[in-house]
Amino acid sequence: MKIATWNVNSLNVRLPHVLDWLASEQPDVLCLQETKQEDSKFPYAALQEAGYHALHSGQKTYNGVAIISKQLPQAVQFGIPGYVDEQKRVLTATVAGVRIVCAYIPNGQSLESDKYQYKLGWLQALTDWLQQELKQHPKLALLGDYNIAPEDRDVHDPAAWAGQVLVSAPERAVFQQLLDMGLHDSFRLFEQADNSFSWWDYRMAGFRRNLGLRIDHILVSEALKAGCSRCWIDKAPRKLERPSDHTPVVLELHSA
DNA sequence: ATGGCGATTTCTAATCGA
């Protein structure tokens, strides 16, 4: 089984890249973030033609998440249960026996911003809910744009970024909290090249100079950990014309 | 030098993302 996550920064713009990537990589599950479109605009037909089922929870301009899968998704859940949020950031479904949680965690903007407080409160709601969800679904994967670089080695210039949003101590503490509840950062289960990132700023030739951050992650529960065989960042889509600023993170596992 | 780029709506300008 191959599962992946990709913040596409507008599916309207990036649909050709997504269709090409599905055709070449043939993932069993692809989680998207920042589709930036209402459900009525979501390209269900094009994905069906490509051989995929699709779930979408979207809105105009901002946010929006999707789960694209070869097998029929079951037990679909929109958002975080019990947490009222206008922003479409979470979509959950069971695919081939694995509980797939697709999340677009808030950016936070800056430590002084109200958006940072929203991010921390949102993360608390997510972790509280995941504790329960894990009991119901031991085989669980949390895929998405976390907007958190967990360690300094996930940052191209830790000194320049020190204390800022995406790397601040409270954000990293929440990431640790996820690990403490028995989730594992699948990327770090395997040997990886230094300076591996999943996002690069469009400005200052960030990608060419590899000035990036690793903020897109696939966390897996204890029950899935042993079955993981490979995790990698696919930089190919970032090299295309008019790319997303994020690139896919991919995990191979057998869940049986 | 707090900018830069790209997407979107607010559309010869402003806001957001990370």
Side-chain angles (χ1 to χ4, degrees), chain A residues 5-18 31-43 56-66 85-90 102-123 126 143-175 187 195-218 233 235 237-249:
Chain A
T5 180
W6 190 3
N7 179 324
V8 289
N9 185 20
S10 169
L11 186 57
N12 186 44
V13 174
R14 233 65 67 189
L15 181 60
H17 289 189
V18 171
C31 294
L32 302 181
Q33 302 86 37
E34 286 208 87
T35 57
K36 297 189 178 179
Q37 60 194 177
E38 307 217 357
D39 294 342
S40 60
K41 307 272 187 185
F42 187 79
H56 184 241
S57 176
Q59 64 190 95
K60 207 166 68 168
T61 314
Y62 301 116
N63 311 310
V65 283
D85 189 6
E86 298 291 307
Q87 305 188 23
K88 307 297 190 188
R89 294 181 173 277
V90 178
C102 173
Y104 175 46
I105 290 170
N107 170 286
Q109 197 167 59
S110 72
L111 270 61
E112 301 75 31
S113 171
D114 291 345
K115 295 190 174 82
Y116 184 74
Q117 293 308 317
Y118 166 68
K119 180 178 192 173
L120 294 179
W122 193 98
L123 281 165
L126 179 76
L143 307 88
D145 177 358
Y146 285 56
N147 274 313
I148 300 172
E151 299 177 57
D152 278 355
R153 60 177 167 165
D154 302 312
V155 180
H156 68 90
D157 186 346
W161 278 86
Q164 297 200 53
V165 73
L166 311 191
V167 308
S168 73
E171 293 165 84
R172 285 179 166 178
V174 174
F175 193 89
F187 189 74
N195 300 305
S196 289
F197 307 125
S198 65
W199 169 88
W200 301 262
D201 202 311
Y202 284 122
R203 299 165 291 186
M204 291 184 69
F207 182 65
R208 183 178 58 75
R209 299 162 67 199
N210 199 28
L211 307 179
L213 302 173
R214 191 176 71 94
I215 53 177
D216 301 272
H217 309 294
I218 302 176
I233 294 169
K235 289 166 78 169
R238 191 62 175 77
K239 300 172 183 171
L240 300 171
E241 287 292 318
R242 233 182 153 188
S244 170
D245 43 359
H246 298 250
T247 210
V249 180

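Proteins come first, then strands; the chains are lettered A, B, ... in the order of their sequence lines, and each starts at number 1. Model, not experiment: these values are computed from the prediction.
Note on A:Arg172 versus A:Asp152: salt bridge recorded, some NZ/NE/NH1/NH2 to OD/OE distance being below 4.0 Å.
Atom CD of A:Glu241 is separated from atom P of B:dA7 by 12 Å (rounded to the nearest Å). Rounded to whole Å, atom C1' of B:dA7 lies 17 Å from atom CG of A:Leu32. Between A:Gln33 atom CD and B:dA7 atom P there is a gap of 18 Å when expressed in whole angstrom units. Between A:Arg14 atom CZ and B:dG6 atom P there is a gap of 10 Å when expressed in whole angstrom units. Residue A:Asn12 contributes atom CG, which lies 10 Å from atom C1' of B:dT8 at whole-angstrom precision. If you measure from atom CD of A:Glu38 to atom P of B:dT9, you get 9 Å, rounded to the nearest angstrom. Counting to the nearest Å, the C1' atom of B:dT8 and the CZ atom of A:Arg242 are 11 Å from each other. When rounded to the nearest whole Å, the span between CH2 of A:Trp161 and P of B:dT2 equals 17 Å.
Here the rule is ring pair (Phe, Tyr, Trp, His ring centres under 6.0 Å) with A:Phe207, and of A:Trp200, A:Phe197, A:Tyr202 only A:Trp200 fits it.
Between B:dC11 and B:dA1, the two C1' atoms lie 29 Å apart (nearest whole Å). Nucleotides B:dA13 and B:dA18 place their P atoms 26 Å apart, quoted to the nearest Å. Across B:dT9 and B:dG3, the matching C1' atoms stand 23 Å from one another, rounded to whole Å. B:dG4 and B:dA14: their P atoms are spaced 13 Å apart (whole Å). Atom C1' of B:dT15 sits at a distance of 8 Å from the matching atom of B:dT10, rounded to the whole Å.
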Nucleotide-resolved protein contact map, nucleotides 10-17 of chain B, B/S/- at heavy-atom distance under 4.0 Å: ------SB
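Aromatic ring orientation, A:His217 versus A:Tyr146: perpendicular (interplanar angle above 60°, classes split at 30° and 60°).
Inspection of the A:His17 and A:Ser244 side chains reveals no N or O donor paired with an N or O acceptor under 3.5 Å. Under 3.5 Å, the side chains of A:Asn12 and A:Gln37 contain no donor-acceptor pair of N or O atoms.
Heavy atoms only, all atoms of each residue included: A:Pro243 and A:Pro237 are closest at CB-O, 3.6 Å.
When the nearest nucleotides of DNA chain B are assigned to A:Val165 and A:Thr35 by heavy-atom distance, the more 5′-ward of the two goes with A:Thr35.
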Could you go step by step and tell me if A:Leu143 and A:Asp216 meet the side chain to side chain contact (heavy atoms under 4.5 Å, CB included) rule? CA-CA 8 Å; A:Leu143 307 88; A:Asp216 301 272; over 6 Å; no
